[in-house]
Amino acid sequence: MTTSVLDRFFRYVTFDTRSDERSSSVPSTPGQIVLLQQLVDELRAIGLSDASMSPHGVVMATIPATTTRADTPTIGFLAHVDTSPEMPGANVTPIVHHAYDGRDLVLPDDPSAVLRLGEQPALRDCLGHDIVTASGTTLLGADDKAGVAAIMAAAEYLMAHPEIPHGIVRIAFTPDEEIGKGTAHFDVAAFGARYAYTLDGGDRGCIECESFSADAMTVTFQGFNTHPGYGKGRLVNAIKVAADFIDRLPKDRLSPETTDGYDGYVHPYVMDASVERTSVKLLVRDFRTEGLKEKEALLDTLARGVADRWPGASVETAIQESYRNMREVLDQHPAAVEHAKTAIRCAGIEPRTRLIRGGTDGARLSFMGLPTPNLFTGQHNFHSRLEWVSIQDMAKAAEVIVHLCRVWEEQASSWGPAKAGPYEVPSADVPPFQSCKLQSS
Ligand SMILES: [Zn+2]
């Protein structure tokens, strides 16, 4: 599969699929449609005859079942085609650095862009690998074209090897993940999978099954504007009230600058300021949804306290839900993660579970009724000119997909018949996987 993954990856990164949060069209940029249509054509070419793109740019296709075991659940694999709006994504020139031996990787179009072993711990795990970078002025687009290539190569392999038993496998490629709209037009019912996996992770062997719970909070201070020359005793400057509020936010804790691991934070990130009215938008993050509520209560109390100290000022707060920790859903479906671990072991890698200090499309899908952990693809330094991917790890990701399809079939009856709605399986009872044989290609 390595050749197929690599050929595809090199082809896909040449498409400019940068998404644009200011755009009102769906998908947000026309380049994404070009790649999505290309993927429809390629899926059909390898035999997925139902491949099609929805009016909103979601591509779906089916690999028909090869098993007769009717209790094998339908599983799905997803990746996003867009690249980050933060960095140029046109005219990407991928460069292969063969047999990486720890040397500095200097990107030719900007000699100041250098990947150094000492600064990139993940490179140490890829000694001997073939590393792909961009040329120094653009991102590479491995986020998430590595995922797209891995899924396509696995689909091609499964279609060419009908002797591998698996249930119905659904594939989807989505636009606009980077601007938070990847699932806005995703039809979970039409997808029809019981479980799914996003291929959008980094380090070899990693499964991400835990994300932040996230809200956005808007704190709006109302002041009173009048001509400042005649403002004595009357003018109330909402900008100063908001500044007072921001100054009182915790500095040595609960901030992105001072937290990692399981610690959440509050983070002012946008301010819309005028004397009459100033609003501050804050990200609120915690791995526990309860913890989110505590942080919001803290912000609310702080904002009201500040408004009270400024005579004539008032404050309103509003909370908008962003996404929830997918673990709340995945804990109800231990098979989704356990089977992924088994498949990763079958590919000769020790699986690691990891938390995401952010969200994924999988987090949103999990709460839309489709439990969706995130799997590794070998991509690193996403949204950067120093983005890179290991060819060997990308190929391993494709191999894991094939194993996963087999594992779900082999374990089908052990996990009970497929039925609608959440069902619980004790995680201690995970049956051992019978065989890890897969022809290498
Ligand atoms: Zn991504």
Side-chain angles (χ1 to χ4, degrees), residues 5 8-9 12-21 27-29 31-32 35-36 39 57-59 76-89 92 94 122 132-134 138-154 171-186 196-212 214 322-323 326 340 354-366 368 370 372-390 393-394 396-398 400-401:
V5 173
R8 291 177 184 284
F9 180 71
Y12 304 152
V13 296
T14 62
F15 289 76
D16 177 8
T17 57
R18 185 181 188 175
S19 49
D20 179 2
E21 50 210 335
S28 65
T29 49
Q32 296 183 69
L35 177 53
L36 288 160
L39 293 170
V58 176
V59 168
F77 296 95
L78 299 98
H80 65 91
V81 299
D82 64 315
T83 61
S84 170
E86 296 161 36
M87 285 293 291
V92 171
V132 188
T133 64
T138 66
L139 46 63
L140 174 62
D143 174 13
D144 183 27
K145 288 162 185 169
V148 176
I151 292 171
M152 287 295 301
I171 285 170
F173 299 119
T174 56
D176 290 335
E177 189 265 359
E178 299 289 1
I179 56 171
K181 295 178 180 167
T183 58
H185 301 282
F186 190 86
Y197 299 88
T198 46
L199 270 289
D200 195 15
D203 290 346
R204 176 169 71 249
C206 274
I207 310 167
E208 292 168 329
C209 40
E210 205 167 349
S211 62
F212 271 139
S322 301
Y323 54 85
M326 62 175 147
R354 189 175 271 188
L355 50 87
I356 315 169
R357 286 178 63 82
T360 68
D361 275 357
R364 290 192 179 83
L365 290 171
S366 294
M368 289 161 73
L370 181 62
T372 309
N374 188 32
L375 302 181
F376 75 95
T377 63
Q379 55 173 278
H380 298 273
N381 288 352
F382 42 91
H383 307 184
S384 162
R385 291 187 301 148
L386 297 181
E387 191 182 8
W388 61 275
V389 68
S390 149
D393 288 354
M394 228 181 346
K396 278 293 177 189
V400 166
I401 294 170

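Because the structure is predicted, anything quoted here is derived from the model rather than measured. One-based numbering, in listed order, for ligands and for the atoms of each.
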With 2.8 Å as the limit, count the protein N, O or S atoms near the Zn ion (ligand 1). 4
In this structure, NE2 of His380 is separated from CG of Asp203 (nearest 0.5 Å) by 5.0 Å
Euclidean distance, Arg354 CZ relative to Cys206 SG, rounded to 0.5 Å: 3.5 Å
Among Val81, Thr83, Thr174, Asp16, find the residue that satisfies the side chain to side chain contact (heavy atoms under 4.5 Å, CB included) test when tested with Gln32. Val81
Roughly how far, to the nearest 0.5 Å, is the CE atom of Met326 from the OG atom of Ser211? 5.0 Å
Identified side chain to side chain donor-acceptor pair (under 3.5 Å) partner of His80 from the options Asp361, Thr17, Thr360, Asp143: Asp143
Tyr323 OH to Thr183 OG1 distance, which is reported to the nearest 0.5 Å: 12.0 Å
